[in-house]
Every structure is written in structure tokens, then in C-alpha cells.
Amino acid sequence: MQATIDLLIDLALQVDIGSGDVTTECTIKAVQTSSATFVAKETLVVAGLAVASRVFERLDGRVDFTPHCDESDHIAPGYAMVTLEGPTRALLSCERVALNFLQRLSGIATWVHAHVEALGSHPVRLVDTRKTTPGWRVLEKYAVRVGGGHNHRFGLYDGVLIKDNHIAACGGIAAAVARVRARGHQLLKIEVEVSDLRQVAEALSAGVDVIMLDNMENEAIRAAVKLIARKALVEVSGEITRQRLAALAETGVDIISMGALTHSAPVVDISMRIQS
């Protein structure tokens, strides 16, 4: 995973710095050193400290990155999250890239925490989806966990999820499930996406492990949960908002999946301040 993150960091540095940071190189002497701090400008849940630190390492290993908080900490506006010491040019040239990672990942963790809190004491698992920023999936799903959420599958390679287009292309749920079983091993769990009670009954007849109720109203979800009767795990997805979470949890579902945990999370505000 570190190799993947390093590739992402290197790409970000190349995009931002290119052939050189002309402003910094013109105004700052190569021998100058400084100290700086990362300061939170709003209440947030911390995520991404190691990635931000790695940004400086990839450009200049002489930068000392000292965090004053841990991952998943809740911090208030004005809190000095990190102290940095080292070549001033490196501090300035890495500033935006490091903050982009830290603000984005802390933003997701903060956003997810708010959604987990909305569930209250209901024993429901809130999970993300594959609706992530291209190239950032490992990091964004990590931030979801930091915020108290859980991960769905990481990609098409690590779980079977038969969706509406698979069903249409195969000619039905039973046929799609049969094809998976013909090629998969005995430990492979099968999830099927359904949109109505007729499809719920088809999925139950096929003996699937997880049934995803997609874009269904709360009353229909309650009916589906009753019909499934613990014969499979029940996931609900589609048109999920934070305001709806508590009501969905009360229907008796096991899992709530939200693409918005990653694709709609706002970044948080963090700034770097040079002290000397």
C-alpha cells in the first residue's frame, strides 16, 4: 500500500511543482531554514498525518514533521496539529500538496463521524462504496474507518455484487447466481442488488448471502426485512442522507451503504503558518 501512496504523492508533487517552484526559488535562499505549524481552522477529526508527513519526505528528507495529535482525534479550531522544521524551500513547496491530503482525508473522517453519530445506538454498520476519487481509494476508505465507518469491497476483485445490469445481461437473478457458483469457490459470499419484493423473493430462493435493497422507501424496506427473516444479511443503499439514517436503522437492516461518505465529503480548513 505504501508504494501506491508514494506514487500518488509523487504525482501530486509533479503536478504542483513541475520543473520548479519559481516563487520560492526566487525569494528564499537555499540555506534558509524555518519552523512552521499546521493549524486547524475548524472542528475536525484528524486523518492523514502519515501521508502529509510523507509528502515532505519525498521532496526533502531533512524536514522534521512532529504531530501534536493522533489519527481519529477530535480537535478544535486554533489547535496546532503539527510542527515542522527544516529547509524553508521544502516547507513552502510541499505546503499545498501536504495540506490537500490532510484536508481531504480529515474532511472525510469528520463527515463520516457525523453520519455515524446520526445512527445513535442502533447496531447497524455504515459502509462506503466504490464511489471514490480515482487513485485515492485506499486513502479515502482509510479515512472512512478513522471516522468510525466501515468499508464495503475495495474493488471488483474482492467481492461478488450482482447488480441490476448483471441481472439484465444474465436474464435473471437465479441465472446470475448460478454462474457465480459455477466458477467461484465455496467460501465466496454472494450479494445481490434488488429493487422490489419480487426480486427479494428471487434472491432468497437463490440462497444468496447478502441482499441489497436499492432505492426503496422505508415501508418497502421494512416489508423486505420481514420477508428475508434473517435468512440473509440486509443492506440498504440509494438515496441515503444523514437525516434518514436513524429511520433506516429502525427498519432492522444490517448494513447501510453510502457513496456520499466519500464523494460528497467537504474538505476541512487547515493552514500552514511559518513562525521563523
Side-chain angles (χ1 to χ4, degrees), residues 4-5 8 11-12 15 40-49 51-52 71-77 81 96-120 122 124-156 158-159 161 163-165 191 193 195 210 212-218 221 234-251 253-271:
T4 299
I5 295 171
L8 191 59
L11 176 60
V15 167
K41 301 179 76 174
E42 62 180 289
T43 301
L44 58 87
V45 178
V46 180
L49 289 168
V51 183
E71 298 287 279
S72 79
D73 279 357
H74 295 234
I75 61 175
M81 301 170 63
R96 177 42 48 205
V97 172
L99 286 176
N100 282 349
F101 281 106
L102 191 59
Q103 289 176 292
R104 173 66 178 154
L105 298 180
S106 295
I108 290 173
T110 304
W111 177 251
V112 170
H113 173 74
H115 285 72
V116 172
E117 289 287 292
L119 284 170
H122 295 289
V124 179
R125 179 168 287 215
L126 183 66
V127 305
D128 53 26
T129 71
R130 288 166 42 241
K131 295 177 181 177
T132 54
T133 307
W136 280 62
R137 182 165 297 169
V138 168
L139 292 177
E140 291 183 346
K141 281 181 171 282
Y142 163 75
V144 168
R145 298 194 303 274
V146 172
H150 300 270
N151 297 144
H152 209 287
R153 58 180 179 164
F154 266 72
L156 299 176
D158 68 344
L161 174 48
K163 296 176 71 67
D164 54 352
N165 285 327
E191 179 171 9
E193 176 186 272
S195 58
V210 187
M212 177 194 287
L213 310 176
D214 187 50
N215 286 300
M216 293 174 64
E217 299 295 330
N218 290 8
I221 291 170
V234 183
E235 177 180 342
V236 62
S237 186
E239 302 299 326
I240 310 297
T241 63
R242 182 166 57 181
Q243 294 73 23
R244 194 183 172 199
L245 285 173
L248 284 172
E250 291 172 355
T251 64
V253 300
D254 302 292
I255 304 160
I256 300 174
S257 56
M258 292 183 66
L261 294 182
T262 50
H263 72 61
S264 294
V267 298
V268 292
D269 195 359
I270 303 169
S271 65

Checking side chain to side chain contact (heavy atoms under 4.5 Å, CB included) for the pair His115/Ile256: CA distance, chi angles, key distance, verdict? CA-CA 11 Å; His115 285 72; Ile256 300 174; over 6 Å; no
Decide side chain to side chain contact (heavy atoms under 4.5 Å, CB included) for Arg130 and Leu156; before the verdict, give the C-alpha distance in whole Å, the side-chain angles of both, and the deciding distance to 0.1 Å. CA-CA 9 Å; Arg130 288 166 42 241; Leu156 299 176; 3.5 Å; yes
One pair to check against side chain to side chain contact (heavy atoms under 4.5 Å, CB included): Leu102 and Leu49. What are the steps and the verdict? CA-CA 7 Å; Leu102 191 59; Leu49 289 168; 4.2 Å; yes
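Partners of Lys131 by salt bridge (charged side-chain N to carboxylate O under 4.0 Å, His left out), not counting sequence neighbours: none found. For Asp254, the salt bridge (charged side-chain N to carboxylate O under 4.0 Å, His left out) partners at least two apart in sequence or on another chain are Arg230. Residues passing the side chain to side chain contact (heavy atoms under 4.5 Å, CB included) test with Ala109 are Val45, Ala47, Val146, sequence neighbours excluded. Taking Ser264 as the reference, Trp111, Ala260 meet the side chain to side chain contact (heavy atoms under 4.5 Å, CB included) condition, with sequence neighbours excluded. Under the side chain to side chain contact (heavy atoms under 4.5 Å, CB included) criterion, Val116 pairs with Val112, Leu126, sequence neighbours left out. Legend: residues meeting side-chain hydrogen bond (donor to acceptor under 3.5 Å, both in side chains) with Thr132, ordered by chain and number and at least two apart, are Arg137. Contacts of Asn100 classified as side-chain hydrogen bond (donor to acceptor under 3.5 Å, both in side chains), with partners at least two apart in sequence or in another chain: Arg96. By the side chain to side chain contact (heavy atoms under 4.5 Å, CB included) test, Thr133 pairs with Arg104, Trp136, Glu140, sequence neighbours left out. Judged as a ring-ring contact (aromatic ring centres under 6.0 Å, His included), and not counting sequence neighbours, the contacts of His74 are His113.
Contact detail for Gly259 and Thr129: the closest heavy-atom pair is CA-OG1, 3.3 Å. Residue Ile221 comes nearest to Val253 through the heavy atom pair CG2-CG1, 3.6 Å, listed as atom of the first residue, atom of the second, then distance. Residues Ser271 and Lys41 come closest through the heavy atom pair OG-CD, 3.6 Å. Between Leu44 and Met81, the shortest heavy-atom distance links the atoms CD1-CE, 4.3 Å. Heavy-atom minimum distance, Gly135 versus Leu8: O-CD2, 3.6 Å. The two residues His122 and Ala246 make their nearest non-hydrogen contact at NE2-O, 4.1 Å.
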Report, one line per pair, each donor and acceptor closer than 3.5 Å where one atom sits in a side chain of residues 235-242; sequence neighbours left out.
unit_1, atom_1, unit_2, atom_2, d
Glu235, OE1, His152, NE2, 3.0
Glu235, OE2, His152, NE2, 3.2
Glu235, OE2, Ser257, OG, 2.7
Ser237, OG, Ser257, OG, 3.1
Thr241, OG1, Arg244, N, 3.3

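How far CD of Glu42 is from CG of Asp269: 6.0 Å, rounded to the nearest 0.5 Å. Here Leu245 contributes atom CG and Leu119 contributes atom CG; the two are 5.0 Å apart, rounded to the nearest 0.5 Å. Atom CE in Met212 sits 7.0 Å away from atom CG in Asp214 (nearest 0.5 Å). Note that the CD1 atom of Ile255 and the CG atom of Leu248 stand 13.5 Å from one another [nearest 0.5 Å]. Within the model, atoms CD1 of Ile5 and CG of Leu139 stand 4.5 Å from one another, a figure rounded to the nearest 0.5 Å.
Within 6.0 Å of CZ on Arg145 lie more than 12 heavy atoms contributed by other residues, nucleotides or ligands.
Here the side chain of Asn151 pairs a donor or acceptor atom with the backbone of Lys141 at under 3.5 angstrom.
Considering only heavy atoms from C-beta on, Phe101 comes within 4.5 Å of Val97 through its side chain.
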